[in-house]
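Following: one structure in structure tokens, then a few remarks.
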Amino acid sequence: MNASSTETTNSVSHFILVGFPSSPEMQLLYFGLFSVVYTLTLMGNAAIVCAVRWERRLHTPMYILLGNFSLLEICYVTTTVPNMLANFLSSSKSISFVNCFAQFYFFFSLGCDEGFFLCIMAFDRYLAICRPLHYPRIMTKQLYTGLAIFGWSCGFVLFLTPVVLISQLPYCGPNTINHFMCDPAPLMTLSCSEDTTTQFIYSTFNAVFMIGTFLFVLCSYALVIVAVLRMPSAAGKRKAFSTCASHVAVVILFFGSIMVMYVSPRSGHPVQVQKIVTLFYSVITPLCNPLIYSLRNKEMKTALRKVFRTEIPAHKI
């Protein structure tokens, strides 16, 4: 921390990420555990990306969107876990001011993109099940390509404003963040001044985005469930419910945890609870998503078996 000048906006040149304080032995144990989780997450999501890329039968809007979603998960988890692993082996646990806000920007932009992709995938399922005769005409290559581009880019555009506003707050010390990543709530707590305007804008942005996307997904799947219940074919009902169950499980995992944390930036959650909830949606959810999608999807299991020449149990779920 540079405490020399009070004229400058920030006298803090770096932050200390406390992470999960414990003995050196426990830090090594954490490093090993999260290294395994990170590796499995990369492998699982990369397997889905490769299967969608190489298996021609999966070149349909649903699977192309799923492949993009899995690639997004790889980028999303990589914004935080490598730095967390490095801190387990580091004694200083410091991160520069610029790198801290870069992590903040990319993590939350990609998280925002994930929410948009869940909306796009819900919209795709709504069209496929509720408007099956019009689906090929509506969900053209141009449309799903445009939706994928929108899903990737929108978060990076929208999250510029919160990141710029919070980075412009004055930071004059202390510089210790009791978290394993540069989370906006503890960052705003470290600011020298109480900027209620920035807090209000950030809270409003989170509330509108999270509630809006969640309600869109909820309404889409509610319409899908109604349409499925009206299907005369039992086999058709089973297939539709199996596909939608995977999507709904991912939606619950993602939105359930982030809405607890970020609708209000200073909601008063205990620090340990904040870390665990953040760990859940930033590390555990990306690990579970490929399992949820592949284990409940016969086409995906067949494609993975064909692409990687491995036997994947095909038990009927």
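This one's a predicted model, so the numbers in the text were calculated from it and none came from an experiment.
- Taking CG of Leu127 as the start and OG of Ser220 as the end, the distance is 9.0 Å to the nearest 0.5 Å.
- Side-chain heavy atoms closer than 4.5 Å link hydrophobic residues (I, L, V, M, F, W, Y) into clusters, and following such links, even through other members, never connects Phe101 to Val164.
- Contact of the Met26 side chain with the Leu29 side chain is registered, since non-hydrogen atoms from C-beta on lie closer than 4.5 Å.
- A donor and an acceptor atom, one from each side chain of Asn175 and Tyr171, are nowhere located under 3.5 Å apart.
- Neither side chain, Asp113 nor Tyr76, offers a donor N or O lying under 3.5 Å from an acceptor on the other.
- Among all heavy-atom pairs drawn from Gly19 and Pro21, the shortest one is O-CD, 3.3 Å.
- A continuous path of hydrophobic side-chain contacts links Leu253 to Met121 [ILVMFWY only; heavy atoms under 4.5 Å].
- Side-chain contact between Asp124 and Tyr135: present, with at least one pair of heavy atoms (C-beta onward) separated by less than 4.5 Å.
- Looking only at side-chain heavy atoms (C-beta outward), Phe108 and Val163 stay at 4.5 Å or farther from each other.
- Annotation: cation-pi pair Lys275/Phe20 present, NZ/CZ under 6.0 Å from the ring centroid and within 45° of its normal.
- Smallest separation of non-hydrogen atoms from Ala47 and Leu304: O-CD2, 3.4 Å.
- Ile129 and Val226 are not part of a single hydrophobic cluster, where members link through side-chain heavy atoms under 4.5 Å apart.
- Between the side chains of Gln27 and Ser22, at least one donor N or O sits under 3.5 Å from an acceptor N or O.
- Side-chain contact of His134 with Arg137: a donor-acceptor pair under 3.5 Å is present, judged by distance alone.
- Residue Phe159 is tested with Phe205, Phe209, Phe106, Tyr105 for a ring-ring contact (aromatic ring centres under 6.0 Å, His included); the sole match is Phe205.
- The backbone N or O of Ile64 sits less than 3.5 Å from a side-chain atom of Asn68, completing a donor-acceptor pair.
- Val81 and Met43 fall into different hydrophobic clusters, where Ile, Leu, Val, Met, Phe, Trp and Tyr residues are linked whenever their side-chain heavy atoms come under 4.5 Å apart, directly or through other members.
- Annotation: side chain of Leu58 is in contact with side chain of Glu55 (closest heavy-atom distance under 4.5 Å).
- The two residues Ser191 and Leu169 come nearest to each other via the heavy atoms OG-CB, 3.6 Å.
- Grouping the Ile, Leu, Val, Met, Phe, Trp and Tyr side chains by contacts below 4.5 angstrom, directly or via other members, places Val251 apart from Val208.
- Separation of atoms CD1 (Ile120) and CZ (Phe216) is listed at 9.0 Å; rounding is to 0.5 Å.
- When all heavy atoms of Pro82 and Tyr38 are compared, the pair lying nearest together is CG-OH, 3.7 Å.
- Partner of Phe214 under the ring-ring contact (aromatic ring centres under 6.0 Å, His included) criterion, chosen from Phe254, Phe255, Phe116: Phe255.
- Counting only heavy atoms from C-beta outward, the side chains of Ile201 and Leu165 approach each other to under 4.5 Å.
- Between Cys154 and Cys112, the gamma sulfurs sit at a distance of 2.5 angstrom or greater.
- Distance alone, capped at 3.5 Å, places no donor-acceptor pair between the Ser90 side chain and the Ala86 backbone.
- Put simply, the side chain of Asn289 reaches to within 4.5 Å of the side chain of Glu114, judged on heavy atoms.
- Leu143 places a side-chain heavy atom less than 4.5 Å from the side chain of Met139.
- Atom-to-atom distance recorded for Thr80:OG1 and Gln103:CD is 6.5 Å, nearest 0.5 angstrom.
- In this structure, Pro184 and Tyr202 approach most closely via the heavy-atom pair CG-OH, 2.8 Å.
- Relative ring orientation between Tyr30 and Phe88 is described as tilted, the plane-to-plane angle lying within the 30° to 60° band.
- Within the 3.5 Å criterion, the main-chain N or O of Leu187 finds no donor-acceptor partner in the side chain of His179.
- Nearest heavy-atom pair, Phe180 versus Ser282, reported as atom, atom and distance to 0.1 Å: CZ-OG, 3.9 Å.
- Leu66 is listed as a side-chain neighbour of Met300, based on a closest heavy-atom distance under 4.5 Å.
- Taken from CD1 in Ile74 to CG in Leu42, the straight-line distance is 6.0 Å, to the nearest 0.5 Å.
- Considering CG of Leu190 and OG1 of Thr176, their distance stands at 7.5 Å, rounded to 0.5 Å.
- Rounded to the nearest 0.5 angstrom, Leu71 CG and Cys50 SG are separated by 10.0 Å.
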